[in-house]
Amino acid sequence: MVTENSKVPDNTKSNGANVEKRRVSTDIKPPVKNTPKDRKPLLVIKDLTKAYDANLAVNNVNLTIYEGEIFALLGSSGCGKSTLLRMLAGFETPTSGAIYLDGQDMTNVPPYKRPVNMMFQSYALFPHMTVEQNIAFGLKQDKLRKAEINARVEKMLKLVHMEEYAHRKPHQLSGGQRQRVALARSLAKQPRVLLLDEPMGALDKKLREQMRLELVDIVESVGVTCVMVTHDQEEAMTMAERVAIMDRGEFIQIGGPREIYENPNCCFTAEFIGSVNLFESTLITSDHTGSIIRSKDLENEIRLDIDVDLADGMEVFVALRPEKIYIERTFPVDENGKELTANYAIGVVENIAYMGDISIYYVRLKSGKIVITTLPNVDRFNVGLPTWDDQVYLSWDPESCVTLTF
Amino acid sequence: MAESKIKEGVTAPDTNELNLTSASRKKSFNLPKLLRVVFLTIGLLFLYAPIVSLIIYSFNGSKMMTVWGGFSVKWYFELFADKQMMDAVLTSLIISFCAASMSVIIGTLAALVLVRISNFKGESLFALFITAPMVLPEVIVGLSMLLLFVTLSQLIGWPQRGMVTIWIAMVTVTAAYVTVVVRSRLKELDYSIEEASQDLGAGPVKTFFFITLPSILPAIVSGWLLAFTLAMDDLVITSFVAGPGSQTLPMVVFSSVRRGLNPEINALATIIVFIVSLCTFFYWLMRVRKEKRLRQDMKLAMQGK
């Protein structure tokens, strides 16, 4: 107890150090675009539409997936991501449009003739077959020789570390083991594209985090192109090279995890991925020296160093991620020690949500707007950090703001 | 263990109170408990006393049903020597076997149509029609069948009343039961395993025989057994559609009982009771063992072994 107490740092010092560490210089790199342009296009989806009566589950979707990439379709339930995946597998027939694999039209090919395999959300292991028979099932359909089938099954079991369980039935396996078997079964036929339907949906949280990386490792070691469907943004961001955000049957944004998080192209993406503060604003001026934006929620201007390239007087939204807002009890200053004249706000801490690793602060501004901001709990006792009903200063770097038009 | 100990510790102060309430509850439950035992005994006696007395009297040496004439197994020998009875047993077995097999095929197909064909417009109407024989009075089914067969044989000379007509009549009734059993199993079957099979390269026909059929096999087997039992002891419909040369076991038993009680029937009934209880016992044993194994397997799987 004594040693713990002695570690409590002095108030002012911790606060100052904290802020200093967080303030970054303006030396930013342009966001890395993850589009693998040098790779060969493998799966091409053209004007694909699926209608159920009057409902458009998938609405005129165009997409190119490159060889060897892991691509995630991310969206809330009912956004059409599963329908799209099922059309790729052949379980649903598109109303219009086409799917090309390796340049060949796959649109009306039945599922059992497509070089595409799927790992189902429920894993769909055959309950009356052993692990070995499950993996061999697809190979038997190809009329391979017995020795070759055995060799391939053994290789697959080794790949997913399930050699000892070859003679078990599915009900004798735990959730994680079943997933490995399902993965091995869908990889056994060496498909051109591997489809994953909510791959972690049936696992508990701890196992999910562990299996994410393992699954990516296995998929990458095999080198198969992979399209996955998920509603879990963390899963999409950690596993996929590119993520497509879907809503109401359409793609909202396609890009690498960093791109969609740091450069959302609309309010929907910004709000869907992580949390965000959106300020309804008007663009005052914008030229090569920078832009000035005024929000009705903020007393001070938002000043950006870049030209947002929009008409003056336009209604815009400024998106600001919570972790990019500094929260201080003293008036914010820039690198040179001069007090800020823009890009700050004054508010009162209304609520604090302690999450363990971080704390989320809900700060009410004078305009009534609640701004969300986070602080990492670097210190175990949170001494010196703002608490309930404290007056605080919120500030941000100009480059943290993203200007959106819709 | 640790957890249970903690729980004990927590509830320890309350144990006195708990004991009191449970003790008083025991007292107040004594009378109903006695009543329960009495009612259970009466119920079981009502069900099984006639069967037990039947078994006992099958070993009666006297021809009189009401007089005990010493232990004897002569009625068993007489039963096996009775050609009419033995023929009836054989006829019944053949008809039941064929009827059960046919109704399993028809019933499974009907269940597949009902469950698997999505947006099938007349689904509920079809379901009603296929299960109607279950609720229709047997007299009506039998009579309508008889009328149909008579008209048909007048028109095209087929079928002559006999084993074939009994078989057809039995299939119409028992197929309904098979449909219900298989349909409920198909409904709870994970459709994605069939999709997985297609995804792995097996066509629809192969998928049905290698994936769907093994999964619904338990339901098909119980449907078959149900159909067999129903066909085996049907009397009403069979009497309507049977011809002169086709006497099933229930018909023979019924007509011989009408002529007066016959100890031979007791011997036959004893054999049937024996076979049925043997089958039931082994079925029960198998189930218990399977369930135990399943539980153990699941426990092991949960522990990650």
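Just so we're clear, the structure is a prediction, and the values are computed from it rather than from any experiment.
In this structure, chain B has heavy atoms under 4.5 Å from both the backbone and the side chain of A:His171. For chain A, the nearby part of B:Asp190 is the side chain; its heavy atoms alone come within less than 4.5 Å. Proximity to chain B is absent for every atom of A:Lys113, based on heavy atoms less than 4.5 angstrom apart. Of the two parts of B:Ser197, the backbone and the side chain both hold a non-hydrogen atom closer than 4.5 Å to a non-hydrogen atom of chain A. Only the side chain of A:Met129 comes within less than 4.5 Å of a heavy atom of chain B; its backbone N, CA, C and O stay farther away. With a 4.5 Å cut-off on non-hydrogen atoms, A:Arg185 touches chain B through its backbone and its side chain both.
B:Trp224 CH2: more than 12 foreign heavy atoms inside a 6.0 Å radius. Heavy atoms from other residues, nucleotides or ligands lying under 6.0 Å from NZ of A:Lys46 number 12 at most. Within a 6.0 Å sphere centred on CZ of B:Phe97, other residues, nucleotides and ligands contribute 12 heavy atoms or fewer. Within a 6.0 Å sphere centred on CD of A:Gln104, heavy atoms belonging to other residues, nucleotides or ligands number 12 at most.
Of all residues spanning residues 141-149 of chain A, those with a heavy atom less than 4.5 Å away from chain B's heavy atoms are A:Gln141, A:Lys143, arranged by number. Within residues 209-223 of chain A, no residue approaches chain B closer than 4.5 Å by heavy atoms.
Here the shortest heavy-atom pairing between A:Asn117 and B:Asp199 reads ND2-O, 2.8 Å. Closest approach of A:Tyr112 to B:Ala202, counting heavy atoms only: CB-O, 3.5 Å. Residues A:Phe120 and B:Ser192 share a closest heavy-atom pair of CD2-CB, 3.8 Å. Of all heavy-atom pairs spanning B:Ile193 and A:Leu125, the tightest one is CG2-O, 3.6 Å.
In terms of heavy-atom pairs under 4.5 angstrom with chain B, the leader among A:Lys189, A:Lys169, A:Glu164, A:Lys140 is A:Lys189. When the candidates B:Ile211, B:Leu217, B:Leu294 are compared by the number of heavy-atom contacts under 4.5 Å with chain A, B:Ile211 comes out ahead. By number of non-hydrogen pairs under 4.5 angstrom with chain B, the leading residue of A:Ala89, A:Ser122, A:Gly175 is A:Ser122.
Counting heavy atoms from C-beta outward, B:Met298 and A:Gln172 have side chains that stay 4.5 Å or more apart.
Side chain of A:His128 to main chain of B:Phe210: a donor-acceptor pair is present (N/O by atom type, distance under 3.5 Å, no hydrogens or angles).
Considering CZ of A:Phe126 and CG of B:Leu200, their distance stands at 5.5 Å, rounded to 0.5 Å.
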